[in-house]
Asks: 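Okay, here's the structure, questions in a sec.
The analysis underlying the following values was restricted to heavy atoms, covering all of them including side chains, and did not include hydrogens, waters or symmetry mates.
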Amino acid sequence: MTRLGAEDDVFDPAVFARGVPHEALRRLRDEQPVAWQDEHAVGDWPAGPGFWAVTRYDDVRYVLRTPEVFSSARGATQIRDPEPEDLPFIRRMILNMDPPEHQRLRKLVTAAFTRRRLERFTDDVAARARGLLADVAGAGACDLPRQVTDDFPLANLAELMGVPESDRHLLLAWTNRVIGYQDDEHAQVVRDERGRPVNPRSPAMLAEMFAYAGELADHKRRHPAEDVMTALVEARVDGESLDDTELQMFFFLLTIAGNDTVRSALPGGVLALVEHPEQYRRLRADRSLLPGALEEMLRWHPPVLTFRRTAARDTTLGGVEIAAGDKVVVYHVSAHHDERHFADPFRFDVARDPCDHLAFGQGPHLCLGAQFARLQMREFFTAFLDLLPEVELDGAPRRLTSNFINGLTRLPLRW
């Protein structure tokens with residue numbers, strides 16, 4: 001395998017801030033679908049050991065579905081390595097577990113995400129979408145993330161979890177700190193005694209959030225309600241329940257993943273429509289296309305760009321020998337544009353069928369909140385099509401500086 005050149009750097013967060021490097025990813029799919037990627041220093045963050053970038057759909061799907069070979073626990077699921085002393089703590093989160101521990105925890109929490117519980121929030125979600133869009137409709141213009149889509153999933157999630165309205169600003173602050181640590185608008189670099197930046201997912205940086213989660217869990221024990229936090233506190237399977245650390249970890253996961261994925265998908269879907277006006281008009285004329293259009297939006301603009309695994313043993317992928325302990329990073333955004341799987345993948349098509357994207361993962365880590373995410377997208381885009389005329393760009397979008405979340409921090413629109 002030859003080392004990648006600068007034109008094929010698919011690690012640097014600044015590359016994704018300029019736009020998804022589709023040409024580089026296409027070259028990798030065609031020439032080196034499993035390619036060694038240098039992990040160079042980025043700003044305050046030191047260089048890492050490097051990783052295998054996996055870019056074809058079938059290989060990405062295989063990695064996600066084979067935890068016995070590609071582990072979530074050995075090095076967690078972010079490209080940058082956690083500090084060794086933090087890893088045991090990080091492994092307490094379901095996202096960073098392998099079977100059989102993962103199955104035990106997933107079984108405990110699945111009951112909290114029943115269709116009945118989620119659908120009970122539909123009217124509130126719909127009213128919230130209509131209210132936020134009605135607030136900007138008369139102005140003829142808005143910055144969609146700042147005025148609508150940052151608040152919408154945050155409020156939905158807080159209601160689902162049972163977080164008081166007065167505390168919801170905390171969820172946004174914690175999300176920005178964790179997700180935006182590489183972005184100039186959100187970064188809060190804290191250094192240790194040796195002058196090194198502290199990982200925003202480390203126990204030290206999450207202490208405030210975990211303390212709040214513990215207080216909220218205690219409150220739900222005393223005052224149970226029809227919300228997910230109460231359901232997690234009360235969850236019992238075969239006599240087992242979640243311990244305090246597992247509850248705190250679930251609060252972290254719901255706060256960050258449950259918020260930022262929808263927060264990224266909504267403006268991403270709007271941008272896809274605006275950039276493809278013929279498809280936008282087609283959807284406006286035929287609302288029966290909306291369910292499939294939402295799936296195409298998730299294919300076109302997956303909220304998560306990449307996920308990391310670690311090889312549990314020596315193996316071969318795409319004809320490449322991978323050693324036990326090597327980092328393996330799957331690129332959802334590349335898999336979704338793989339010509340070997342999707343017909344004409346660079347055509348945005350609201351009637352695409354099938355549209356078997358990987359935006360919510362595959363295998364044991366299939367997203368627990370996928371149903372609630374789809375519900376929010378459905379109600380948002382229903383209101384968007386109902387309340388606003390055809391919109392167009394009113395300036396350049398601004399993308400989040402991240403090689404993990406496919407975020408848009410600004411999307412100026414006019415109508």
Asks: So, do F372 and N156 sit near enough that their side-chain heavy atoms are less than 4.5 Å apart?
Replies: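 With C-beta onward as the side chain, the pair touches.
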Asks: Before giving the answer on side-chain contact (heavy atoms from CB on, under 4.5 Å), spell out for L298 and M377 the whole-Å C-alpha distance, their side-chain angles and the decisive distance to 0.1 Å.
Replies: CA-CA 10 Å; L298 289 164; M377 291 183 70; 3.9 Å; yes
Asks: Indicate yes or no: at least one non-hydrogen side-chain atom of D38 is less than 4.5 angstrom from one of F11.
Replies: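 No, side chains not in contact.
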Asks: Could you label the plane-to-plane angle of the F251 and Y212 rings as parallel, tilted or perpendicular, counting under 30° as parallel and over 60° as perpendicular?
Replies: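 Tilted, since the angle between the ring planes falls between 30° and 60°.
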Asks: Which heavy atom of T55 sits nearest a heavy atom of S334, and at what distance?
Replies: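 Taking T55 first and S334 second, the nearest heavy atoms are O-OG, 2.7 Å.
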Asks: Is there a donor-acceptor contact under 3.5 Å from the side chain of R120 to the main chain of E226?
Replies: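 Yes, R120 side chain to E226 backbone: donor-acceptor pair under 3.5 Å.
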Asks: So T149 and F380, do their side chains get closer than 4.5 Å, heavy atoms only?
Replies: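 A side-chain contact under 4.5 Å exists here.
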Asks: Does the distance from a Lys or Arg side-chain N to an Asp or Glu carboxylate O, for D386 and R130, drop under 4.0 Å?
Replies: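 Salt bridge: yes.
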Asks: Do Q32 side-chain atoms and L28 backbone N/O form a donor-acceptor pair below 3.5 Å?
Replies: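 Checked: no pair found.
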Asks: For side-chain contact (heavy atoms from CB on, under 4.5 Å), just list the numbers for R92 and D243, CA-CA rounded to whole Å, side-chain angles, deciding distance to a tenth of an Å, and then say yes or no.
Replies: CA-CA 10 Å; R92 300 295 299 277; D243 64 28; 2.6 Å; yes
Asks: Are the side chains of V136 and L132 in touch, meaning some heavy atoms are under 4.5 Å apart?
Replies: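 No; the side chains remain at least 4.5 Å from each other.
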Asks: Taking T77 for the side chain and N96 for the main chain, is one N or O donor matched with an acceptor at less than 3.5 Å?
Replies: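 No, because the side chain of T77 does not come within donor-acceptor range (under 3.5 Å) of the backbone of N96.
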Asks: How long is the straight-line distance from OG1 of T261 back to CZ of F360, given to the nearest 0.5 Å?
Replies: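 Spacing of CZ (F360) from OG1 (T261) equals 7.0 Å.
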Asks: Heavy-atom distance under 4.5 Å between the side chains of I179 and R263, does that happen here?
Replies: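 Sidechains of R263 and I179: no contact.
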Asks: About how many Å separate CG of L368 and CZ of R106, when rounded to the nearest 0.5 Å?
Replies: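 So the CZ of R106 and the CG of L368 are separated by 4.0 Å.
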Asks: Test H365 against H102 for side-chain contact (heavy atoms from CB on, under 4.5 Å), laying out the working first.
Replies: CA-CA 9 Å; H365 286 282; H102 175 267; 3.2 Å; yes
Asks: In Å, rounded to the nearest 0.5 Å, how long is the span from CZ of R378 to CG of L375?
Replies: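 Answer rounded to 0.5 Å: 4.5 Å.
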Asks: Please report the interatomic distance CG(L108) to CZ(R236), rounded to the nearest 0.5 Å.
Replies: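 Result: 9.0 Å between the selected atoms.
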Asks: Please name the pair of heavy atoms, one in P303 and one in A265, separated by the smallest distance, quoted to 0.1 Å.
Replies: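 Of all heavy-atom pairs spanning P303 and A265, the closest is CG-CB, 3.9 Å.
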Asks: Could you go through H337 and W300, starting from their C-alpha distance and side-chain angles, then the distance that decides it, and tell me whether this counts as side-chain contact (heavy atoms from CB on, under 4.5 Å)?
Replies: CA-CA 8 Å; H337 291 83; W300 188 263; 4.1 Å; yes
Asks: Between D86 and R80, does at least one N-O distance fall below 4.0 Å, as a salt bridge requires?
Replies: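 Looking at D86 and R80, the cut-off is not met.
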Asks: Should D59 and R309 be marked as a salt bridge (charged side-chain N to carboxylate O under 4.0 Å, His left out) after you check the CA-CA gap, both sets of side-chain angles, and the distance that decides it?
Replies: CA-CA 13 Å; D59 291 336; R309 298 291 189 264; over 6 Å; no
Asks: Got a salt bridge between D227 and K220, using NZ or NE/NH1/NH2 to carboxylate O under 4.0 Å?
Replies: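 Looking at K220 together with D227, the answer is yes, because their closest N to O distance falls below 4.0 Å.
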Asks: Identify the heavy atoms of I79 and K327 that sit nearest to each other, and give their distance.
Replies: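 Taking every non-hydrogen atom into account, O-NZ, 2.8 Å.
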Asks: Between E240 and K107, does any side-chain N to carboxylate O distance fall below 4.0 Å?
Replies: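 No.
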Asks: Would you say E165 has more than 12 foreign heavy atoms packed within less than 6.0 Å of its CD?
Replies: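 No - once you tally the heavy atoms of other residues, nucleotides and ligands closer than 6.0 Å, there are 12 at most.
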Asks: Would you indicate whether the side-chain heavy atoms of V125 and F152 approach each other to under 4.5 Å?
Replies: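 A side-chain contact under 4.5 Å exists here.
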Asks: Does E101 form a salt bridge (charged side-chain N to carboxylate O under 4.0 Å, His left out) with R91? I'd like the steps, not just the answer.
Replies: CA-CA 10 Å; E101 293 83 0; R91 284 173 174 159; over 6 Å; no
Asks: Can you confirm whether the side chains of D98 and S71 place a donor and an acceptor under 3.5 Å from each other?
Replies: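 Distance-only check passes for D98 and S71.
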Asks: Distance check, rounded to the nearest 0.5 Å: R177 atom CZ versus L172 atom CG?
Replies: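 Interatomic distance, R177 CZ to L172 CG, rounded to 0.5 Å: 11.5 Å.
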Asks: Flag the pair R313 and E68 as a salt bridge only when some basic side-chain nitrogen lies within less than 4.0 angstrom of an acidic carboxylate oxygen.
Replies: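 Between E68 and R313 there is no salt bridge, as every charged N stays at least 4.0 Å from the carboxylate O atoms.
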Asks: Look only at the side chain of H223 and the backbone of H219, and say whether a donor-acceptor pair between them is shorter than 3.5 Å.
Replies: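 No; judged by distance alone, with no hydrogens or angles, the pair does not exist.
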Asks: Under the side-chain contact (heavy atoms from CB on, under 4.5 Å) test against L413, which residue among L393, L271, L388, V148 passes?
Replies: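 Exactly one option meets the side-chain contact (heavy atoms from CB on, under 4.5 Å) with L413, and it is L393.
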Asks: If you define the side chain from C-beta out and look only at heavy atoms, does anything of N403 sit under 4.5 Å from D12?
Replies: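 No; the side chains remain at least 4.5 Å from each other.
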Asks: Taking E296 first and then R299, would you say they form a salt bridge - that is, a charged N and a carboxylate O separated by under 4.0 Å?
Replies: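 A salt bridge is present here (some side-chain N lies under 4.0 Å from a carboxylate O).
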Asks: Do T409 and R398 get their side chains close enough for a donor-acceptor pair, meaning under 3.5 Å?
Replies: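 Their side chains do contain a donor-acceptor pair, which is all the 3.5 Å distance test asks for.
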Asks: Within the side chain of D143, is there an N or O that forms a donor-acceptor pair under 3.5 Å with the backbone of L411?
Replies: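 Looks like yes, one N/O pair under 3.5 Å.
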Asks: Do the side-chain N and O atoms of S264 and N406 include a donor-acceptor pair separated by under 3.5 angstrom?
Replies: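 Judged by distance alone, the side chains do not pair up.
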Asks: When you measure from the side chain of D124 to the backbone of F121, do you find a donor-acceptor pair of N or O atoms at a distance under 3.5 Å?
Replies: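 Such a contact is absent between D124 side chain and F121 backbone.
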Asks: List the atom of R399, the atom of L408, and the distance in Å for their closest heavy-atom pair.
Replies: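 Smallest interatomic distance, heavy atoms only, reads CG-CD2, 3.8 Å.
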Asks: What are the two closest heavy atoms between R65 and Q362, and how far apart are they?
Replies: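 So the two residues come closest at NH1-OE1, 3.1 Å.
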Asks: Answer whether the closest heavy-atom distance between the side chains of F70 and L64 falls below 4.5 Å.
Replies: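 Side-chain contact under 4.5 Å: no.
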Asks: Check this for me: does any side-chain nitrogen of one of E390 and R284 sit under 4.0 Å from a carboxylate oxygen of the other?
Replies: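 Salt bridge: no.
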Asks: Of all the heavy-atom pairs spanning R414 and D394, show the shortest one and how long it is.
Replies: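 Heavy atoms only, the tightest pair is NH1-OD1, 2.8 Å.
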Asks: Between T66 and V69 (side chain of the first, backbone of the second, donor and acceptor by atom type, cut-off under 3.5 Å), is there such a pair?
Replies: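 No, T66 side chain to V69 backbone: no donor-acceptor pair under 3.5 Å.
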Asks: Checking ring pair (Phe, Tyr, Trp, His ring centres under 6.0 Å) for the pair Y331/F307: CA distance, chi angles, key distance, verdict?
Replies: CA-CA 7 Å; Y331 281 72; F307 252 121; over 10 Å; no
Asks: Any ion pair linking R56 and D58 (charged N to carboxylate O, less than 4.0 Å)?
Replies: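 Salt bridge flag = no for R56 with D58.
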Asks: Got a donor-acceptor contact below 3.5 angstrom from the H336 side chain to the H301 backbone?
Replies: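 Between the backbone of H301 and the side chain of H336 there is no qualifying donor-acceptor contact (under 3.5 Å).
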Asks: Honestly, is R26 close enough over F346, meaning NZ or CZ under 6.0 Å from the six-membered ring centre and within 45° of the axis?
Replies: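 Yes, R26 sits over the ring of F346.
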Asks: With rounding to the nearest 0.5 Å, note down the distance linking CD1 in I256 to CG in D260.
Replies: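 Interatomic distance, I256 CD1 to D260 CG, rounded to 0.5 Å: 7.5 Å.
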Asks: Do any N or O atoms from the side chain of Y57 and from the backbone of F342 form a donor-acceptor pair under 3.5 angstrom?
Replies: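 A pair under 3.5 Å: no.
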Asks: I'd like to know if D81 pairs up with R308 as an ion pair, taking the criterion as any Lys NZ or Arg NE/NH1/NH2 lying under 4.0 Å from an Asp or Glu carboxylate oxygen.
Replies: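 A salt bridge is present here (some side-chain N lies under 4.0 Å from a carboxylate O).
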